[in-house]
Amino acid sequence: MMHKQFDNETRRFQEDGFVLVPGLLDKEETRILVQAAHGDQLMQKSAFDLADAQGGRIRISGWNHAGDDTMGIVARTRRIVDRMEAFLGGEVYHYHAKMILKEPLVGGAWEWHQDYGYWYQNGCLYPDMASCVIAIDAATRENGCLQVLKGSHLMGRIEHGRFGGQTGADPERVNEALKRLETVYCEMEPGAGFFLHANLLHASAQNTSSRPRWALICCYNAARNDPYKDSKHPRYSHLEKWPDARIKEIGGRQWETLRQEESTG
């Protein structure tokens, strides 16, 4: 399983713990994803609130399996899955996905944490896991874009505990890491993709702007890292990769059908 076209990105991922891919989705694909996200009433109704340490709230909606809707199609595309396989060194499967809905003026913060700080508890022996954050709205410092500590994945797993309503990394370790490592603000245009290692320390500030920041996050686990016990996220199952063109072929049709149903209903 060779993905030589991603060699440069793979080196950056291994050294820095992340890779930003501007224009991961083109303008038409981005439009389809944005419309699907804002038109998915079931996803929005199933969203729940998490409190941050300052009393702000952030909404999140999650699901385990990549279906045949627009979000599932995006999660299956080769441009994402092939990158994940290159970054993690082998076959991956869909671990879960979620939509972060950080609303204007009220969108809460994420405390500093590692994703493997959570996933370790789910029976995953190794941090051979990663996520792809896809911007639905423009992400800026003003509306609480992602912040990461460059190279912090090399620190290994940090102890996590409860802070506010969220689980976060040990503040003592985080504060020392903040002194030594570069903080990178991940400002993104809609359709950009940000790939991050499961041990990369990351956080986001509250959204104090008048603009929302929604983001689709697709999470993957290496097949060889199949969890040894059941948890709220799935054990290994084969992920069928789909051609990138299906976002427009199927996602576009799905949106047009929904739009017609709404206009006649």
Side-chain angles (χ1 to χ4, degrees), residues 20-50 57-84 94-108 131-140 142-146 186-195 204 207 209-220 239-265:
L20 173 62
V21 183
L24 179 68
L25 304 183
D26 67 25
K27 289 184 178 180
E28 177 64 13
E29 292 167 337
T30 301
R31 182 187 68 82
I32 291 169
L33 178 59
V34 169
Q35 291 174 332
H38 286 283
D40 192 335
Q41 297 301 313
L42 180 61
M43 180 272 292
Q44 294 180 45
K45 288 179 181 177
S46 68
F48 58 92
D49 288 347
L50 286 176
R57 307 196 73 81
I58 190 167
R59 296 179 67 220
I60 182 171
S61 180
W63 55 96
N64 277 334
H65 302 288
D68 58 3
D69 61 351
T70 300
M71 266 80 81
I73 295 168
V74 170
R76 292 176 177 273
T77 54
R78 285 190 169 273
R79 77 185 67 164
I80 294 178
V81 181
D82 284 351
R83 277 185 169 90
M84 285 294 180
H94 186 269
Y95 193 51
H96 65 280
K98 48 187 173 277
M99 186 74 71
I100 303 298
L101 305 98
K102 188 173 282 195
E103 302 295 3
L105 303 176
V106 297
S131 300
C132 177
V133 181
I134 304 171
I136 302 295
D137 304 299
T140 65
E142 289 72 28
N143 67 3
C145 71
L146 193 68
C186 311
E187 297 189 298
M188 302 161 63
E189 292 298 319
F194 188 85
F195 295 78
S204 66
N207 182 2
S209 78
S210 60
R211 293 175 291 116
R213 186 178 77 81
W214 287 23
L216 172 64
I217 305 179
C218 304
C219 307
Y220 301 83
L239 176 63
E240 181 183 356
K241 293 186 281 189
W242 287 356
D244 296 340
R246 289 203 183 178
I247 298 175
K248 294 176 182 176
E249 291 172 357
I250 300 178
R253 285 203 304 269
Q254 289 176 342
W255 169 249
E256 183 61 26
T257 299
L258 177 62
R259 188 189 64 82
Q260 291 176 354
E261 290 175 350
E262 290 179 345
S263 64
T264 57

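- Screening Asp137, Thr30, Ile136 for a side chain to side chain contact (heavy atoms under 4.5 Å, CB included) with Pro190, the sole residue that qualifies is Thr30.
- Ionic pairing of Glu249 and Arg246 is not present here: no N-O contact between side-chain nitrogen and carboxylate oxygen is shorter than 4.0 angstrom.
- In terms of heavy atoms, Asn207 sits closest to Pro212 at ND2-CA, 3.9 Å.
- Rounding to the nearest 0.5 Å gives a distance of 6.0 Å between CZ of Arg79 and CG of Leu25.
- How far NE2 of His65 is from NE2 of His94: 9.0 Å, rounded to the nearest 0.5 Å.
- Using a 4.0 Å cut-off between a side-chain N of Lys or Arg and a carboxylate O of Asp or Glu, Asp26 and Lys248 qualify as a salt bridge.
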Please assess Ser204 against Arg213 for the test side chain to side chain contact (heavy atoms under 4.5 Å, CB included), listing each intermediate value before the final yes or no. CA-CA 11 Å; Ser204 66; Arg213 186 178 77 81; 3.9 Å; yes
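- Heavy atoms from other residues, nucleotides or ligands lying under 6.0 Å from CD of Glu28 number more than 12.
- Atom CD of Gln41 sits about 11.0 Å away from atom OG of Ser46, to the nearest 0.5 Å.
- Formation of a donor-acceptor pair under 3.5 Å by the Tyr95 side chain with backbone atoms of Ser131 is not found in this model.
- Between His96 and Asn64, the closest heavy-atom pair is CB-OD1, 3.4 Å.
- Across all non-hydrogen atoms, the minimal contact from Cys186 to Cys145 is O-CB, 3.7 Å.
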Show the numbers, then the answer: is there a side chain to side chain contact (heavy atoms under 4.5 Å, CB included) between Ile58 and Ile100? CA-CA 8 Å; Ile58 190 167; Ile100 303 298; 3.6 Å; yes
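- In plain terms, the two heavy atoms of Ala47 and Leu101 that are nearest each other are CB-CD1, 4.1 Å.
- Note that NZ of Lys102 and CD1 of Ile60 are 11.5 Å apart. Values are rounded to the nearest 0.5 Å.
- Formation of a donor-acceptor pair under 3.5 Å by the Arg59 side chain with backbone atoms of Gln44 is found in this model.
- Interatomic distance, Leu216 CG to Ile134 CD1, rounded to the nearest 0.5 Å: 5.0 Å.
- Nearest approach of Cys132 to Gly193, heavy atoms of both residues: SG-CA, 4.5 Å.
- Summarising the geometry of Leu24 relative to Glu29, their closest heavy-atom pair is O-OE1, 4.4 Å, with the distance given to 0.1 Å.
- The CE atom of Met99 sits 9.5 Å away from the CD1 atom of Ile217 when rounded to the nearest 0.5 Å.
- Ring-plane geometry between Trp214 and His38 is classed as parallel, the angle between the planes falling under 30 degrees on a 0 to 90 degree scale with a further cut at 60.
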